[in-house]
Structures are given as structure tokens and as C-alpha cells.
Amino acid sequence: MGMDIGGPGAGPALAERIVGELVEHAAQTKNFVRIDMEGSEYTEATIQMTERLHARFPGCVGTVLQAYLFRTADDVERLVSQGIRIRLCKGAYKEPAEIAFPAKSDVDENYVTLMKRVATSGVFCGLATHDEDIIEQMREFVAASGLPKGAFEFQMLYGIRRDLQRKLAAEGFGLRVYVPFGTEWYPYFMRRLAERPANVIFLAKNFFKS
Ligand SMILES: Cc1cc2nc3c(=O)[nH]c(=O)nc-3n(C[C@H](O)[C@H](O)[C@H](O)COP(=O)(O)OP(=O)(O)OC[C@H]3O[C@@H](n4cnc5c(N)ncnc54)[C@H](O)[C@@H]3O)c2cc1C
């Protein structure tokens, strides 16, 4: 969206102008824009942009927080206190150990803690994961706490764990599928794979599974 473009009036200001036009359009059509989260060098700028756009168009914009970052527990409180919708994911980038949990088990544990916090915050949230254990923990939490299923939705990537997607939808959970589309879908797809080479193996495994 232009955050990395240099020169006067470019960078974060340019990104905010472009994204602001999209959010304005969403507001006019009673829709919603989710701003993806990239690597940690963009976290603060993305959150600030979301906060300013939410102040202009309340409820029409939200962003993504990543459970692998140490700062995310504070960011959850920061955003829910303003009523800003969060998509919670584990995080897709390689981050240094000074700012992010290096061990997957710690990321998963933090995800579960934060997932319960955002789902009970009173602000509708998206739980973006294909992790069956975590989804099972959420199912159990809903059954035990009486949390309405409409307080949150699960979110998954198009084509991944379609069996699980169908099962959750049949059980009455909200399920949103993330679909890249348009003429530039191929470079987008390659970029996603390049961000995390493990995804190539995931993809191969799931090609046969789903
Ligand atoms: C809707 C959505 C939006 C996202 N937006 C962002 C974002 O803005 N910023 C960001 O940093 N990350 C984003 N992510 C990616 C996220 O951070 C994780 O990297 C990714 O979802 C894998 O984590 P997981 O929770 O599925 O658990 P994992 O433990 O990584 O995976 C659990 C299981 O799910 C399957 N799986 C997971 N991912 C894939 C895949 N790509 N291909 C094939 N199989 C897979 C595998 O079977 C795996 O064993 C998003 C993910 C989703 C679903």
C-alpha cells in the first residue's frame, strides 16, 4: 500500500491515504477492511494507521496481531480498549528472539491465551488458524464458558483444511475463507510461499489431505 515508497508525501502517509480511501468506501457500503500485518518493522506503523482510520470510520477497519510477538498481549489491550477488531494469527515472518517467541510451543500457548482474551473482549474478532488442537481448545472453551459462537469467527486460507472448514461451518461456527483474487494472484501466492518456505511442504501435504 506504499509504506515502503520513499520521497516526500510517500511512506506511511501515502499508505494511509490509499488505505483511507478503501476504508471510506467500505464505510459507505457498510463493509469492512482488514489491514494485514507484515514483519515487525511495520507493526507500530500499521497499528497507528489502523487507530487513526478507526477514529475516522469506527468499526470499518481492523488489523492483525501475531501471537509470536512479545508485544502482542499489550497490543490486544490497546486495540480492544478502542473497540478495534483484531484478527489473531500466529505470525508468518522470521523474527529475532529478542522480540518474538522462538519456540513454536510458546507461540501456540500464547495464541490460546490471547484467543480467549480477544473472544471474550466484547469486540468481534477473527481467529485465523488451521491448528486443529487450538481449534479444539476453542470449541471446549465455548462449551464450558457459554460464550456465544457469534462473538468470533474462525478464519482460514482458501484450499487449506477444507474438511475442517466444512465441519466448523456445519457446527454453526462463523468461518471466513481468505481468498487471493485478481490478475496478480500468482506473484502474491509466490510471495507468501517465499515468506515461509515451510508453507511449500504444508501445501504439498494439504494438497492430498483436503
Ligand atoms: C485468514 C488468515 C490471515 C492471515 N493473515 C496474516 C497476517 O496478516 N500476518 C501474518 O504474519 N500472518 C498471517 N497469517 C498466517 C499465520 O500467521 C500463520 O503463519 C499461518 O496461518 C499458519 O499458522 P497456523 O495457525 O495455521 O498454525 P500452524 O501450526 O503453522 O499450522 C497448523 C496446521 O495447519 C496447516 N497449515 C497451516 N498453514 C498452512 C499453509 N500456509 N499451507 C498449508 N497448510 C497449512 C498444516 O496442516 C499445519 O500442520 C494469516 C493466516 C490466515 C489463516
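None of the values given here were measured: they were computed from a predicted structure. Each ligand, and each atom within it, is numbered from 1 in the order the structure gives. For the numbers below, each heavy atom of this structure counts, side chains included, while hydrogens, waters and symmetry mates do not.
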Relative to the heavy atoms of [X], which atoms of ligand 1 are at a distance of less than 4.0 Å?
{"X": "Tyr93", "result": "11 (O)"}
{"X": "Lys104", "result": "29 (O)"}
{"X": "Leu157", "result": "2 (C), 41 (N), 52 (C), 53 (C)"}
{"X": "Gln155", "result": "1 (C), 53 (C)"}
{"X": "Gln66", "result": "9 (N), 10 (C), 11 (O)"}
{"X": "Ala92", "result": "10 (C), 11 (O), 12 (N), 17 (O), 19 (O)"}
{"X": "Arg87", "result": "3 (C), 5 (N)"}
{"X": "Asp36", "result": "8 (O)"}

Does [X] come within less than 4.0 Å of [Y], counting only side-chain N to carboxylate O?
{"X": "Asp36", "Y": "Arg34", "answer": "no"}
{"X": "Glu136", "Y": "Lys167", "answer": "no"}
{"X": "Glu171", "Y": "Lys149", "answer": "no"}

For [X] and ligand 1, does the shortest N/O to N/O distance drop below 3.5 Å?
{"X": "His130", "result": "yes"}
{"X": "Gly91", "result": "yes"}
{"X": "Asp108", "result": "no"}
{"X": "Tyr68", "result": "no"}
{"X": "Met37", "result": "yes"}
{"X": "Lys90", "result": "yes"}
{"X": "Met156", "result": "no"}

Report yes or no: does Arg34 have a heavy atom closer than 4.0 Å to ligand 1?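 Contact check Arg34 vs ligand 1: negative.
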
Heavy atoms only, cut-off 4.0 Å: how does [X] contact ligand 1, side chain, backbone, both, or neither?
{"X": "Val64", "answer": "side chain"}
{"X": "Arg161", "answer": "neither"}
{"X": "Glu38", "answer": "neither"}
{"X": "Ile160", "answer": "side chain"}

Check whether [X] reaches the backbone of [Y] with its side chain - one donor and one acceptor, N or O, closer than 3.5 Å.
{"X": "His130", "Y": "Leu157", "result": "yes"}
{"X": "Tyr68", "Y": "Tyr93", "result": "yes"}
{"X": "Gln155", "Y": "Arg87", "result": "no"}
{"X": "Thr72", "Y": "Ala67", "result": "no"}

Please tell me if the side chains of Lys90 and Ile134 come closer than 4.5 Å, counting only heavy atoms from C-beta onward.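 Side chain of Lys90 against side chain of Ile134, heavy atoms only: contact under 4.5 Å found.
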
Classify the ring geometry between Phe152 and Phe173 as parallel (under 30°), tilted (30 to 60°) or perpendicular (over 60°).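 The rings of Phe152 and Phe173 sit tilted, inter-plane angle from 30° to 60°.
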
Please determine whether the number of non-hydrogen atoms from other residues, nucleotides or ligands lying under 6.0 Å from atom CD of Glu109 exceeds 12.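 Atom CD in Glu109 is not packed in, count stays at 12 or less.
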
With a sphere of 6.0 Å drawn around CZ of Arg176, does it hold more than 12 non-hydrogen atoms of other residues, nucleotides or ligands?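 Atom CZ in Arg176 is not packed in, count stays at 12 or less.
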
Among Val61, Thr63, Leu79, the one residue meeting side-chain contact (heavy atoms from CB on, under 4.5 Å) with His54: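 Among Val61, Thr63, Leu79, the one that satisfies the side-chain contact (heavy atoms from CB on, under 4.5 Å) with His54 is Val61.
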
